[in-house]
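The block underneath contains the structure these notes are about, expressed in structure tokens.
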Amino acid sequence: MSETEAGMGARPYLLDGRRVTIGDLLEAGVLADHQKLTFHRPRKNETHHAEVTAEGGGGIRLAASGKVFRSPSRAASVAVGSGSFDGWSDSAAQFSAG
């Protein structure tokens with residue numbers, strides 16, 4: 001991947017030169033406190049459930065464990081138990097409202 005491609009991929013994640021957080025999305029009204037989320041993996045026939053929380057500045061609470069993560073990528077990885085996911089943009093790893 002070229003530097004240009006890498007830079008372009010990161011742009012959607014930035015707000016005023018820093019990474020966007022769940023707290024930013026809560027503040028902007030894009031997400032709501034206690035909003036239900038699902039992470040579906042059709043090839044594995046798995047569905048993981050979570051909810052948005054304003055606790056600690058914003059995060060994603062996994063339903064199965066109650067653990068809170070500041071990043072959807074980390075939440076997706078822990079929900080599955082292994083692997084690396086881009087919970088911000090990877091369509092196979094995105095948490096969606098529902």
**Asked** For Phe39 and Ala79, which heavy atoms make the closest approach, and how far apart are they?
**Response** CD2-CB, 4.5 Å
**Message:** Tell me if a side-chain donor or acceptor on Arg70 pairs with a main-chain N or O of Gly57 at a distance below 3.5 Å.
**Reply:** no
**Request:** Treating Ile, Leu, Val, Met, Phe, Trp and Tyr as nodes and any side-chain heavy-atom pair under 4.5 angstrom as an edge, say whether Leu25 and Val52 lie in one connected cluster.
**Result:** yes
**Request:** Taking all non-hydrogen atoms of both residues into account, name the closest pair between Ala50 and Ile60 and its distance.
**Result:** CB-CG2, 3.6 Å
**Message:** Tell me every residue that passes side chain to side chain contact (heavy atoms under 4.5 Å, CB included) with Ala54, counting only those two or more places apart in sequence or in another chain.
**Reply:** Leu26, Asp33
**Asked** With Glu46, which residues qualify under side chain to side chain donor-acceptor pair (under 3.5 Å), at least two apart?
**Response** Arg41, His48
**Fill in**
When every non-hydrogen atom of Gly83 is compared with those of Ser77, the smallest separation belongs to O-OG, 2.6 Å
**Message:** Looking at every heavy atom in both Pro42 and His40, which two are closest together, and how far apart are they?
**Reply:** CD-O, 3.4 Å
**Message:** Tell me whether Leu31 shares a hydrophobic cluster with Val20, the cluster being built from Ile, Leu, Val, Met, Phe, Trp, Tyr side chains joined at under 4.5 Å.
**Reply:** yes
**Prompt:** Of all residues at least two apart in sequence or in a different chain, which pass the side chain to side chain donor-acceptor pair (under 3.5 Å) check with Arg18?
**Reply:** Asp24
**Item:** Atom pair CG/NE2 of Leu62 and His49 - distance to nearest 0.5 Å
**Value:** 11.5 Å
**Prompt:** What heavy-atom pair brings Ile22 and Pro72 nearest, and what distance separates the two atoms?
**Reply:** CD1-CD, 4.0 Å
